[in-house]
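Read through the structure below, which is laid out as structure tokens, and then see the notes.
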Amino acid sequence: MLKEFREFAMKGNVVDLAVGVIIGAAFGAIVTSLVGDIIMPIIGSITGGLDFSNYFTGLSKAVNATNLADAKKQGAVLAWGNFLTLTFNFLIIAFVLFMIIRAMNTLKRKDEAAPAAPPKPSAEVVLLTEIRDLLKKS
């Protein structure tokens, strides 16, 4: 059983998947920082200092806090500003992945479009060509 598990874990697909998950997690952290630390503050400054992460709607009369963390402690809330931020994160990730796949497809098309050098003729074909050329001369 241990041998089977080792064979399974060392298959190329499993290792590729593990690398993909690790890179995906790191990429997610980068995009989260990009959106939370760069893009959303710019949008907030354009819209007059709005902080989308603190936009919420209280679902009970007991919720009267002005920030999301305190409001969640007071009762149920719809954190639609947080949802908006996460949706924006998703759109950025989807766009970046689209651009990466588009670039890869462009490179792949260039490789396919580049004509391959014709194969070198075999020694037999070269010899027959020489014989043909000699017969033409005589």
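What you see below is based on every heavy atom in this structure, not just the backbone, and it leaves out hydrogens, waters and symmetry mates. For clarity, every value in this text was computed on a predicted model and none was experimentally measured.
We find the CD1-OG1 distance between Ile101 and Thr106 to be 11.5 Å, quoted to the nearest 0.5 Å.
Scored by the side-chain contact (heavy atoms from CB on, under 4.5 Å) test, Ile23 finds Val19 as partners (sequence neighbours excluded). For Ser33, the side-chain hydrogen bond (donor to acceptor under 3.5 Å, both in side chains) criterion is met by Asp37, not counting sequence neighbours. Applying the side-chain contact (heavy atoms from CB on, under 4.5 Å) criterion to Asp70, with sequence neighbours excluded, gives Ala65, Asn67, Lys73. The side-chain contact (heavy atoms from CB on, under 4.5 Å) check on Phe83 picks up Thr87, with sequence neighbours excluded. For Met99, the side-chain contact (heavy atoms from CB on, under 4.5 Å) partners at least two apart in sequence or on another chain are Phe95, Arg102. Legend: residues meeting side-chain hydrogen bond (donor to acceptor under 3.5 Å, both in side chains) with Asn82, ordered by chain and number and at least two apart, are absent.
Both Ile100 and Leu34 belong to a single network of hydrophobic side chains, linked directly or stepwise wherever heavy atoms of I, L, V, M, F, W or Y lie under 4.5 Å apart. In terms of hydrophobic clustering, with Ile, Leu, Val, Met, Phe, Trp and Tyr side chains grouped at heavy-atom distances under 4.5 Å, Leu59 and Leu84 are assigned to different clusters. The hydrophobic cluster containing Ile38 does not contain Ile30, counting ILVMFWY residues as joined when their side-chain heavy atoms lie under 4.5 angstrom apart, directly or transitively. Grouping the Ile, Leu, Val, Met, Phe, Trp and Tyr side chains by contacts below 4.5 angstrom, directly or via other members, places Phe98 apart from Phe27.
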Show me the donor-acceptor pairs within less than 3.5 Å that the side chains of residues 119-129 make with the rest of the protein, sequence neighbours left out.
from   : atom 1 : to     : atom 2 : distance (Å)
Ser122 : OG     : Val125 : N      : 3.4
Thr129 : OG1    : Val125 : O      : 2.7

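The two residues Val77 and Gly58 have their closest heavy-atom pair at CG1-CA, 4.0 Å. Shortest non-hydrogen contact noted between Val63 and Ala71 is CG1-CB, 3.8 Å. Between Thr57 and Trp80, the shortest heavy-atom contact is OG1-NE1, 3.2 Å.
Think of Leu107 as one node in a network of Ile, Leu, Val, Met, Phe, Trp and Tyr side chains linked at under 4.5 Å; it has no links at all. In the hydrophobic clustering (ILVMFWY side chains linked at under 4.5 Å, chained through shared members), Leu91 is joined by Phe90. Phe5 shares a hydrophobic cluster with no other residue; no ILVMFWY side chain has heavy atoms under 4.5 Å from its own.
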